[in-house]
2 protein chains.
Amino acid sequence: MITIKDIAKEANVSVGTVDRVLHNRGGVSPKTEDKIRKILKQKKFKINTIASSLAMKKNLNLATLIPQYDGENVFWKSPMSGIQKGSQEVNPYGIENHIFTFDQFNPQSYTDAFKMLIQLQPDAVVMVPIFIKETTEIIQTLSHRKIPYLFFNVDLKGYNNLCYIGQKSFEAGILAGKLTRLCIDSEDEVLIVLTRKNLYDYEANFERVKGFVHYFKENKPETKIHELQFDEPSKVEQSGERINDFLKKHPQIKGILVPSSRISNVCRVIDHDKLKELKLVGFDTTPQNVEALEKGLVTFLISQKSFNQGYKSIKTMANYLVHKKIPNNEIPTPLEIITKENYNFSHSEERKYYNEN
Amino acid sequence: MITIKDIAKEANVSVGTVDRVLHNRGGVSPKTEDKIRKILKQKKFKINTIASSLAMKKNLNLATLIPQYDGENVFWKSPMSGIQKGSQEVNPYGIENHIFTFDQFNPQSYTDAFKMLIQLQPDAVVMVPIFIKETTEIIQTLSHRKIPYLFFNVDLKGYNNLCYIGQKSFEAGILAGKLTRLCIDSEDEVLIVLTRKNLYDYEANFERVKGFVHYFKENKPETKIHELQFDEPSKVEQSGERINDFLKKHPQIKGILVPSSRISNVCRVIDHDKLKELKLVGFDTTPQNVEALEKGLVTFLISQKSFNQGYKSIKTMANYLVHKKIPNNEIPTPLEIITKENYNFSHSEERKYYNEN
DNA sequence: TCAAATTACGTGTACGCACACATGTTGTAA
DNA sequence: TTACAACATGTGTGCGTACACGTAATTTGA
């Protein structure tokens with residue numbers, strides 16, 4: 001292992017000069033710089049990241065704004081855990097992450113949480129920008145104070161955020177289309193079930209549907225695509241009748257897409273016998289969805305690896321703060337196809353995290 | 001951030017004593033130990049991994065034994081890159097990895113490479129145990145010298161290796177079965193094409209086929225499964241005739257499985273018109289396979305993320321050497337389902353590596 | 001009772017780098 | 001010649017830990 005000291009000795013200069021060259025800090029005569037650069041290249045010097053990190057130890061505050069999760073809305077548990085794992089990892093770099101949560105259905109709680117957050121005077125913010133109007137305000141405050149911020153999971157455009165980390169919804173919809181089409185016969189029809197017009201995921205769901213429809217239009221335009229919409233959230237059970245009626249009326253429907261993360265709710269209400277002849281494609285590996293998958297009720301789940309989204313968000317921001325490494329404006333997370341047969345071999349990072357904590 | 005020093009001050013002892021407690025090194029009186037432990041817990045002390053790593057800097061040699069890749073056998077490029085990325089990352093910990101390659105079809109080159117390797121006197125070995133007989137010899141040498149070793153990508157049993165990192169082939173075959181079944185109609189038949197009876201991947205291919213057959217037996221026993229085998233490696237082109245004849249003779253064949261990583265070869269030789277009505281499922285995202293996928297010739301590829309396998313192998317071994325962290329005996333890598341629609345969003349780590357290097 | 005052995009703890013240094021500060025060197029104008 | 005920039009380079013310290021070594025305190029044994 002070749003160190004700065006070795007380089008310095010070889011070049012007959014001090015480590016300080018080598019350091020100046022390494023970081024383009026200036027104040028070095030051209031010929032010494034040349035000499036040092038040559039030796040650096042020749043000896044293939046690489047900065048020891050560990051020692052470097054240790055020496056650069058910052059003392060920064062990070063803040064995260066993310067929806068709470070509970071039994072009803074378990075989706076956010078996964079990104080939260082990713083955030084926590086990321087926080088643990090960047091902690092030794094002198095970065096402390098503070099998590100602020102809010103109710104995903106309550107804009108007020110969103111701004112309230114942000115008020116708490118801003119009092120901390122964070123050096124950067126990682127957030128899920130669920131509410132459009134309120135986000136505008138928040139971003140004003142942040143940019144006024146020159147606090148960098150990145151979005152994850154929810155892709156709100158035009159906010160000049162450092163970057164977006166998450167799934168591309170339209171493409172996810174295309175993939176869902178492909179999978180559905182593969183599962184059904186040539187003359188079959190498909191149904192899209194919109195379970196909930198959430199404030200937050202409306203946009204994403206909409207994009208997914210658009211992608212789905214787009215796929216069929218491009219690849220099999222003759223396929224008939226039906227839509228059913230339920231505006232009342234928790235009444236899905238009572239809406240079972242409506243779905244089942246609809247399916248009876250359209251017996252050629254063989255594929256169902258649920259663009260939200262609530263496909264398990266849908267399969268719960270569909271007649272069991274009918275369910276057997278249907279292929280269901282949904283999103284996200286929530287415990288309920290996975291259960292339905294393993295029972296064979298759901299054929300495909302498309303996972304967005306939300307754990308990784310959280311994790312990556314923290315790491316990306318830390319990298320930006322510590323090493324001034326500017327990320328791509330968009331960091332798409334995988335469109336991971338999950339079936340009963342490969343679920344056990346996915347999400348290993350997340351499982352590992354849960355085992356260790 | 002709370003440090004060892006803080007703890008020491010609080011407990012009226014020196015940092016050395018705290019360190020002894022932290023690492024159960026002994027030589028501390030019970031009451032001081034108690035006191036220190038209490039303070040540690042109360043202040044939620046966490047070892048700073050960076051400083052720790054720097055202080056623990058080892059000076060170890062790692063050695064990797066892996067097949068070469070070339071234009072013909074590009075498969076091994078990916079794990080090799082993973083190995084290289086891992087090597088870069090563990091380098092600052094004072095671990096130097098040395099890579100030795102061999103010809104995957106030549107057992108002699110395997111043992112020759114190992115002879116070179118062992119001269120280095122490595123402290124640990126990461127290897128792909130392709131040849132059974134020769135591996136037995138190699139392992140004898142290694143265990144005699146008490147050098148720990150792990151296997152990756154090829155799962156040879158009964159060699160007392162530290163662990164195996166790679167795909168579970170039988171399960172991969174099951175998944176392939178599921179995907180194939182979803183794609184074809186109820187009365188269709190399927191064909192398994194064994195392109196090459198490689199020395200090395202024979203076992204893996206065989207397991208995949210077993211899993212595939214098992215899936216149909218369990219879920220759709222009436223499906224007829226044909227097999228075609230080509231023992232001569234590079235003559236696939238000439239064998240095109242044989243495949244096409246076979247397909248003509250069995251027009252009900254609609255799904256094809258190629259358990260090796262050479263599905264692109266198969267689609268090259270099949271009549272173009274016939275190909276359109278077939279669903280092909282194969283393995284590994286080699287450039288050729290990906291090309292076939294993007295042209296729509298192949299429906300599904302199952303990726304084993306071999307880049308990650310290589311990467312993880314190095315990291316796992318380094319973790320074992322530095323922190324004595326004993327890994328699970330088996331670390332299964334994902335069964336990743338790749339289609340034309342989601343390929344762009346997978347293998348991001350690998351792509352990033354190539355971009356940076 | 002006293003030296004030797006054992007135990008309990010403190011001290012100092014190394015790890016490799018980043019950065020602030022000190023020191024040196026050259027050139028230029030008064 | 002002196003004074004003083006302006007630039008070039010050297011020095012020292014801190015980051016948090018691991019570990020070898022040293023030293024004091026206590027115990028043991030004859």
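Below, chains carry the letters A, B, ... as their sequence lines are ordered, and counting in each starts from 1. Since we're looking at a predicted model, the values are computed, not measured.
For the residue pair Gln304(B)/Thr333(B), the side-chain donor-acceptor check at 3.5 Å is not satisfied. Side-chain polar atoms of Thr101(B) and Tyr69(B) form no donor-acceptor pair below 3.5 angstrom. Checked by atom type, the side-chain pair Tyr311(B)/Glu89(B) shows a donor-acceptor distance below 3.5 Å.
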Give each protein N/O atom lying under 3.5 Å from an N/O atom of nucleotides 16-23 of chain C, with the pair distance.
from    : atom 1 : to       : atom 2 : distance (Å)
dG16(C) : N2     : Ala51(A) : O      : 3.4
dC17(C) : OP1    : Asn48(A) : N      : 3.3
dC17(C) : OP2    : Ile4(A)  : N      : 2.6
dA18(C) : OP1    : His23(A) : NE2    : 2.9
dA18(C) : OP1    : Ser52(A) : OG     : 3.2
dA18(C) : OP2    : Asp19(A) : OD1    : 3.1
dC19(C) : OP2    : Arg25(A) : NH1    : 2.7
dC19(C) : OP2    : Arg25(A) : NH2    : 3.0

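Remark: nothing in residues 316-324 of chain B comes within less than 4.0 Å of DNA chain D through any heavy atom. Against DNA chain C, the stretch residues 27-35 of chain B makes heavy-atom approaches under 4.0 Å through Gly27(B), Val28(B), Ser29(B), Thr32(B).
Nearest approach of Lys312(B) to Ser348(A), heavy atoms of both residues: NZ-OG, 4.3 Å. Here the closest heavy-atom approach between residue Leu40(B) and residue Leu22(B) is recorded as CD1-CD2, 3.8 Å.
Applying the salt bridge (Lys or Arg N to Asp or Glu O under 4.0 Å) test to Lys77(B) and every residue at least two apart in sequence or in another chain returns nothing. Not a single ring pair (Phe, Tyr, Trp, His ring centres under 6.0 Å) links Phe45(B) to another residue, sequence neighbours left out. Scanning for salt bridge (Lys or Arg N to Asp or Glu O under 4.0 Å) contacts around Glu33(B) gives Arg37(B), with sequence neighbours left out. In this structure, Arg351(B) has no salt bridge (Lys or Arg N to Asp or Glu O under 4.0 Å) partners at least two apart in sequence or on a different chain. Qualifying side-chain contact (heavy atoms from CB on, under 4.5 Å) partners for Ala51(B), counting only residues two or more places apart in sequence or in other chains: Leu54(A), Asn48(B). Remark: Lys58(A) pairs with no residue by the salt bridge (Lys or Arg N to Asp or Glu O under 4.0 Å) rule, at least two apart or across chains. Every residue was checked against the ring pair (Phe, Tyr, Trp, His ring centres under 6.0 Å) condition with Tyr93(A), not counting sequence neighbours, and none meets it.
With respect to the salt-bridge test (charged N to carboxylate O, under 4.0 angstrom), the residues Arg25(B) and Asp19(B) qualify. Classification of Lys85(A) and Glu350(A) as a salt-bridged pair fails, no side-chain N sitting under 4.0 Å from a carboxylate O.
Residue Met1(B) holds its CE atom at 4.5 Å from CG of Asn91(A), rounded to the nearest 0.5 Å.
Over its full length, the helix from dT1(C)-dA30(D) to dA30(C)-dT1(D) turns its helical axis through 60°, comparing axes from the five pairs at each end and rounding to 10°.
Across all strands, Asn59(B) comes closer than 4.0 Å to no nucleic acid atom at all (heavy-atom distances). Among the heavy atoms of the strands lying under 4.0 Å from Asn12(A) are primed sugar atoms or P, OP1, OP2 only; no base atom is included.
Of all nucleotides in DNA chain D having an atom under 4.0 Å from a heavy atom of chain A, the first and last in 5' to 3' order are dA8(D) to dG16(D).
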